Amino acid sequence: MYNEELLHKKLRFALQKIDIDVKEDFIIIEAAKDKIHGDYASNIAMKLASKLKTNPRALAQQIIDSIDKEGLDKIEIAGPGFINFFMSNEILSNVIDRVLNTNDSFGTGDKKTGKLINLEYVSANPTGDLHLGHARGAAIGDSLARILKKAGYSVIREYYVNDAGAQILHLGESLKARYFELYDKKYDLPEDGYQGEDIIEIAKQFKSKYGDKYLEESDENIEIFKEFGMEKELDKLKNDLNEFRVNFDVFSFETTIRQGNVLTNLANTMKDYIYKKDGATYLATSKFVDDKDRVIIKSNGEATYFWPDIAYHLNKLSRKATNLIDVLGADHHGYINRMKSALMMNGYREESLEVELIQMVRIVKDGEEVKMSKRLGNAIKLRDLVQEVGIDAVRYFFVSRDAATHLDFDLELALSQSSSNPVFYAQYAYARMNNVLSLSTIPLNDKYNLLIDETEFSLMKSLSEYDKIVQDAAKERAPYKICNYIQKLSGYVHEFYAKCRILDVNNVDLTGARLSLIKACSIVIKNALELIGVSAPEKM
RNA sequence: GUCCUUGUAGCUCAGUUGGAUAGAGCAACAGCCUUCUAAGCUGUGGGUCAGGCGUUCGAAUCGCCUCAAGGACACCA
C-alpha cells in the first residue's frame, strides 16, 4: 500500500467515525509542494464544509481528533482548512523494500477484470515508408499499450491494413511503371502514383523474382504487382516498427474483413439507417451523434473507406473487446462521430469507441516549416531519423508531450546529437546509480532510519508516487506523464548524487542503506523508461 | 460560417482534475571536480497564466464572450 492509499484509508475511517459518508474519489490526497506543509495534504475539510455549511477549520479539527495517527509524526490544520500530514520516516522508507522485493513488477496495478482494450495505432497504408507523423502515433500508441498493461488492463495491440482501396492500386501501377523502366519500356506513372525511391528498389526485387514475365501492356496483370508491392511494403513497415520497438498482436486486413458477404449482411442488419440518394448509398449517422449523413457506397458502386471500416470496428468488438481505442492523426477528427454513430446503430454505447488524436508534427528547418508529401517521396522517414539520432531520443521526444499539442520538430536539433536532450538526463542518472552499485563491495542493508537527508526523502517520496503515476497515465491515456515523472525522479537522483557521497568504507551502515535506496531508484527508472520504450544503459 | 485542439518565463513545455508564494528544462549570468561518471550540481535574473466578464472561501484550471495559431467540415483515405 502506498502512502496516498494509506492516508486515504485513514481519512475514510475518520470520516465514518464522525458520521460523514463520502464517495471514495471525493477524498483527494496530494503531495505537498512545500516542505513546511508536510509530506501530503488533503483539502477534504474545505470541500465538505461548503457542502455541510460548517466551518472548515472546525471540521478539520474533528477529523484530526478521530483519525488513526499510527505512522504519522504530526498532523495539523493549516491555512483555510488544509489537513497536513507529516509521515514518519519508517513509513516513508517502506517503499524501498517494496521496490526491492517486487523489482521489475513494481508499479503493476491490480488486474482490471471484465475489461479488454483493443488499441489500434499506426495503421499506415503499406504504400511507402513511415514518416514522422506515423512515428509519433507509433511511439504514443505503443507506449500507451505498455502503460495500460502495467496498470492492469488487458490490451490487444492492433494494426489495420487497407489493402483493398485505390491507394494499393496506385502502388501496383507505380511498381509496374518502375518495373517497365528497368527494361527501358514505358508505362505511364499514374498521376497519383508513388514516386519514392523505395518503389524502384521493390521493382528490382520484382525483376529478380519474375524476370521479364510481366512485361505485356495489358491491365490484367496489375494484381500481381499490387500483391507483390504490398507484401514488400508491409514487410518494411513491420521491420521499421520492430526496430522502433513498436509491436502488434494482430494485423487485420481489409480484404479479410470484407470477405464473403460481410458487407451485404451488414447492410441488411443496418438497413433501417441506410438510404439511397443521387445514386449513392447513405448511412443516417446524423440520427446519432454526427452532424450529417455519410456516403457508404459511391454512385460508381465502390465502397467508401468508411463502410468496411464499420465492419472492422464491429469485428473488433465481436472479439470481446470492451473498449476500442483508435490512435489517429488529428486530420481524422471528423471521423470520430460518424464511427461512433455507426457503432451506436449496432447497439453499442457511444463510449465504446475512444479516439486519441495525435496532433500534427511540423518539421522546422532554418526557422521555416518543411512541407511533407509522401507521394512525392520527400518526406522525412522514421528510419532515417532513427539512424541519425537513435531510437531512444526519437521515442522519448515524441512521447514526452501531450498528444493533443502540436509538435514542432526542429530538424537541426533532432539531427544533431544534442546534450540538451532530456533522455540523456534520465539515462545518465540510471548509469550513475548503476556504476556506484557495481563498484561497491559493501552489502545492501535496511537501516533506513539513517537516511535523513532532504534529497533522500525526496527520492523515497518520489518512488512511492510511481503506482499512482502509472494509473493516472493509463486512465488519462497520457504517456507523457511517465516522461514528466522520469525527469523528476532523475533530477532527485542527480541532486542526491551531488550532495551525498554514497560509498564510504568508514560508515558501512549508512552506505548499505544508501545502496538500497539507489538500487530502488535504478529499478524504478528502468521500469519507467521501459514503459515508453526507451533503454536504460548500464554504462554511458 | 460550424466543430475540434492549442494559447503559461526569450524558447520548449509541466502544473497532481478547483487549493497554500504558478514550476522544470533549454538559453543568459555567477559559482562547484585531489574523493562513486561535470552528459552533473548550486545560485541569480526572467510572468498581465492571450484578454474580458462571471461562478466561490479560493480560478492557470470551471462557464460565457473576444482575440490569435493549427486542423476538420468530400460520392478522399
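Order of the sequence lines fixes the chain letters, A, B, ..., with proteins taken first and strands second; residue numbering starts at 1 for each chain. These values consider heavy atoms only, across backbone and side chains, with no hydrogens, waters or symmetry-generated copies. Quick caveat: nothing in here was measured; it's all calculated off a predicted structure.
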Distance in angstrom units between [X] [atom1] and [N] [atom2], rounded:
{"X": "A/Y160", "N": "B/A77", "atom1": "OH", "atom2": "P", "value": "11 Å"}
{"X": "A/E356", "N": "B/G71", "atom1": "CD", "atom2": "C1'", "value": "17 Å"}
{"X": "A/Y396", "N": "B/A14", "atom1": "OH", "atom2": "P", "value": "12 Å"}
{"X": "A/F397", "N": "B/G25", "atom1": "CZ", "atom2": "C1'", "value": "13 Å"}
{"X": "A/H170", "N": "B/C76", "atom1": "NE2", "atom2": "C1'", "value": "10 Å"}
{"X": "A/M433", "N": "B/C41", "atom1": "CE", "atom2": "P", "value": "11 Å"}
{"X": "A/H134", "N": "B/A77", "atom1": "NE2", "atom2": "C1'", "value": "11 Å"}
{"X": "A/I486", "N": "B/A14", "atom1": "CD1", "atom2": "P", "value": "15 Å"}

How far does the [atom1] atom of [N] sit from the matching atom of [M], given to the nearest Å?
{"N": "B/A28", "M": "B/A69", "atom1": "C1'", "result": "29 Å"}
{"N": "B/G52", "M": "B/A60", "atom1": "C1'", "result": "15 Å"}
{"N": "B/C64", "M": "B/U2", "atom1": "P", "result": "14 Å"}
{"N": "B/A14", "M": "B/G7", "atom1": "C1'", "result": "15 Å"}
{"N": "B/C53", "M": "B/G31", "atom1": "C1'", "result": "49 Å"}
{"N": "B/A68", "M": "B/C49", "atom1": "C1'", "result": "16 Å"}
{"N": "B/A74", "M": "B/C65", "atom1": "C1'", "result": "33 Å"}
{"N": "B/A27", "M": "B/G40", "atom1": "P", "result": "9 Å"}

Under a 4.0 Å heavy-atom cutoff, the residues of residues 284-296 of chain A touching RNA chain B are A/K292, A/V295
Which parts of residues 299-306 of chain A get close to RNA chain B, meaning a heavy atom less than 4.0 angstrom away?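 RNA chain B contact set from residues 299-306 of chain A: A/S299, A/T304, A/Y305.
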[X] with [Y]: basic N within carboxylate O range, under 4.0 Å:
{"X": "A/E465", "Y": "A/K488", "value": "yes"}
{"X": "A/E120", "Y": "A/K316", "value": "yes"}
{"X": "A/R258", "Y": "A/E254", "value": "yes"}
{"X": "A/E354", "Y": "A/R477", "value": "yes"}

Side chain [X], main chain [Y], donor-acceptor under 3.5 Å:
{"X": "A/S123", "Y": "A/Y160", "answer": "yes"}
{"X": "A/N162", "Y": "A/N125", "answer": "no"}
{"X": "A/S535", "Y": "A/P537", "answer": "no"}

State the syn/anti category of B/C33 according to its glycosidic angle, syn meaning within 90° of 0.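 That one's syn.
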Have a look at B/U17 and give me syn or anti from its glycosidic angle (syn if within 90° of zero). syn
With salt bridge (Lys or Arg N to Asp or Glu O under 4.0 Å) as the test, pick out the partner of A/D453 among A/K499, A/R514, A/R501.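 Passing option: A/K499.
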Base, sugar-phosphate, or nothing for [X], non-hydrogen atoms under 4.0 angstrom?
{"X": "A/A330", "value": "sugar-phosphate"}
{"X": "A/L439", "value": "sugar-phosphate"}
{"X": "A/C483", "value": "nothing"}

Residues that [X] engages under ring-ring contact (aromatic ring centres under 6.0 Å, His included), provided they are two or more places apart:
{"X": "A/Y159", "value": "A/F248, A/F251"}
{"X": "A/Y335", "value": "A/Y305, A/F306"}
{"X": "A/Y273", "value": "A/F288"}

More 5' along RNA chain B: A/Y282 or A/H494, using each one's nearest nucleotide? A/H494
What heavy-atom pair brings A/A60 and A/G81 nearest, and what distance separates the two atoms? CB-O, 4.1 Å
Tell me whether the side-chain N/O atoms of [X] come closer than 4.0 Å to OP1 or OP2 in [N].
{"X": "A/Y425", "N": "B/C41", "result": "yes"}
{"X": "A/R501", "N": "B/U35", "result": "no"}
{"X": "A/K488", "N": "B/G25", "result": "no"}
{"X": "A/Y497", "N": "B/A39", "result": "no"}

Salt bridge (Lys or Arg N to Asp or Glu O under 4.0 Å) contacts touching residues 428-439 of chain A (sequence neighbours left out): none
Return yes when atom [atom1] of [X] has more than 12 non-hydrogen atoms of other residues, nucleotides or ligands closer than 6.0 Å, and no otherwise.
{"X": "A/K10", "atom1": "NZ", "answer": "yes"}
{"X": "A/K226", "atom1": "NZ", "answer": "yes"}
{"X": "A/K475", "atom1": "NZ", "answer": "no"}

Would you list the atom pairs, donor with acceptor, under 3.5 Å between side chains in residues 479-486 of chain A and any protein atom, with sequence neighbours excluded?
residue, atom, partner, partner atom, Å
A/K481, NZ, A/E476, OE1, 3.0
A/Y485, OH, A/S462, O, 2.7

I'd like to compare against my own output: the B/S/- annotation of nucleotides 16-21 of chain B with a strict under-4.0 Å heavy-atom distance to protein. BB-BB-
In Å, rounded to the nearest 0.5 Å, how long is the span from CZ of A/R136 to CD1 of A/I140? 5.0 Å
Only counting residues at least two apart or in another chain, list the ones meeting side chain to side chain contact (heavy atoms under 4.5 Å, CB included) with A/S440.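 Result, side chain to side chain contact (heavy atoms under 4.5 Å, CB included) vs A/S440: A/I442, A/L503, A/L515.
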Pairing pattern in dot-bracket form [Watson-Crick, G-U; both distances under 3.5 Å; | = partner strand] for RNA chain B: (((((((..((((.....[...)))).(((((.......))))).....(((((..]....))))))))))))....
Listing time: all N or O pairs from protein to nucleotides 30-32 of chain B that are below 3.5 Å?
none

Walk me through it: do A/F85 and A/Y40 pass the test ring pair (Phe, Tyr, Trp, His ring centres under 6.0 Å)? CA-CA 5 Å; A/F85 300 93; A/Y40 298 92; 7.9 Å; no
Residue from A/R294, A/K287, A/K292 passing side chain to side chain donor-acceptor pair (under 3.5 Å) with A/D290: A/R294
I'd like a list of close polar pairs between nucleotides 4-11 of chain B and the protein, N/O only, cut-off under 3.5 Å.
residue, atom, partner, partner atom, Å
B/C4, O4', A/H333, NE2, 3.1
B/U5, O2', A/A404, O, 2.7

